[in-house]
Amino acid sequence: MPDLKAHLKSKLAKSQLGLVRNAFDIVGSVALLEIPRELKKKQKIIANAVLQAHKNIKAVYVEVGGRKGKLRLQKLQWLAGSRNTETVATENGVQLKLDVAKVYYSPRQASERKRIYQQVKSGEEVLVMFSGAAPYVIEIAKHTNAEKVFGIEVNRAAHKYAAENVKLNKVDAKVKLYCGDVKKILPQLGSFSRIVMPLPKGAGHYLGIALKHTKHNGAVHFYDFQPQAKIPFASVEKVRAAAVKQKKKIRIIKTVKCGQLAPRAYRVCVDFQVV
Ligand SMILES: C[S@@+](CC[C@H](N)C(=O)[O-])C[C@H]1O[C@@H](n2cnc3c(N)ncnc32)[C@H](O)[C@@H]1O
């Protein structure tokens, strides 16, 4: 990663330079900065330095506040470059067209998505709940011998990009996408060999329906947010409680920490099997 601080050396005081983060999210040609409060007045200078340091970046935005609401969107403020939030990201060998202002997408989850598709076996029918612009769906379809991959997403904009991305990556024959609420769509579908639940803030409310629609010996990947002190038992407990309620037997395969939410809070994935 080019050294952003080197481009800012003559423009910021030494104490301010120490607060600049060299690492930030890059989605295709869009940079998404997190600027500490102390540097708010310098954010345009920092954004212009980002454009100078990274020739592939065409637009720079700053994230204002955290992700909010059901669609998990973030308010963005334009800082420099073109005023365009639509871009094409590349991860794990697939292309994902999306609008960062209208669709949830985090490039930080690329290695976790790889960890999931590497577990998919030949002939599986996989459901990705909360599928967004379809990164999990497309990577599973592209990199595995899954029989069919299904995605359900409530955000119309995300669903539109997902449909485009399926074509862009030439996986149409293996993929079926639905736009709507998981609780309304899933009862119309059958059972799956594997269900992915990438909605860490709220997936617990969907464990019951996931358990109902997982085949015998099928696998589920349940995402959750937890403070460090409660990892992994609080997430495992949610899974066990849902299984008891649904009268299903489960076996925990693995729990992994796969991202950071706040200084001492993490994204956790519980991989389990319905036995
Ligand atoms: C954390 S994002 C994950 C998106 C995508 N799987 C990814 O990895 O980029 C969660 C997604 O779930 C969608 N969502 C939230 N509640 C939903 C529901 N009840 N049914 C379907 N989609 C839902 C949101 O719109 C959002 O796109």
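Counting starts at 1 for both ligands and their atoms, in listed order.
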Check: So between V137, I185, L71, V154, whose heavy atom ends up nearest atom 22 (N) of ligand 1?
Finding: V154
Check: Just going by heavy-atom distances, which of G132, A162, P135 is nearest to atom 9 (O) of ligand 1?
Finding: P135
In terms of residue, atom name and distance, what is the protein heavy atom nearest to [atom]?
atom                    : result
atom 1 (C) of ligand 1  : P198 O, 3.4 Å
atom 25 (O) of ligand 1 : E153 OE2, 2.6 Å
atom 6 (N) of ligand 1  : F130 O, 2.8 Å
atom 16 (N) of ligand 1 : K70 CG, 3.7 Å
atom 8 (O) of ligand 1  : R113 NH1, 2.8 Å
atom 2 (S) of ligand 1  : Y104 CD2, 3.3 Å

Any nitrogen or oxygen of [X], main chain or side chain, under 3.5 Å from a nitrogen or oxygen of ligand 1?
X    : result
Y206 : yes
V128 : no
Y136 : no
V182 : yes

Just which atoms of ligand 1 are under 4.0 Å from any heavy atom in [X]?
X    : value
N155 : 25 (O)
D181 : 19 (N), 20 (N)
G180 : 20 (N), 21 (C)
S131 : 5 (C), 6 (N)

Next item on the list: Using a strict cut-off of less than 4.0 Å between a Lys/Arg side-chain nitrogen and an Asp/Glu carboxylate oxygen, indicate whether E34 and R21 qualify as a salt bridge.
Entry: yes
Checklist line | Test: D99 and K160 ion pair at under 4.0 Å | finding: no
Check whether [Y] forms a cation-pi arrangement with [X] (NZ or CZ under 6.0 Å from the six-membered ring centre, at most 45° off the ring normal).
X    : Y    : value
K230 : F233 : no
K257 : Y266 : yes
K215 : F192 : no

Checklist line | Residue pair V154 / C179, side-chain heavy-atom distance below 4.5 Å | finding: no
Check: Hey, are the side chains of D224 and K201 touching, using non-hydrogen atoms and a 4.5 Å cut-off?
Finding: no
Notebook entry, point to check: For residues 76-93, which residue pairs qualify under salt bridge (Lys or Arg N to Asp or Glu O under 4.0 Å), counting only residues two or more places apart or in two chains?
Noted result: E91-R113
Notebook entry, point to check: Which one of R267, E112, Q109 satisfies the side chain to side chain donor-acceptor pair (under 3.5 Å) criterion with Y223?
Noted result: E112
Checklist line | side chain to side chain donor-acceptor pair (under 3.5 Å) partner of D271, chosen from R115, R194, R251 | finding: R115
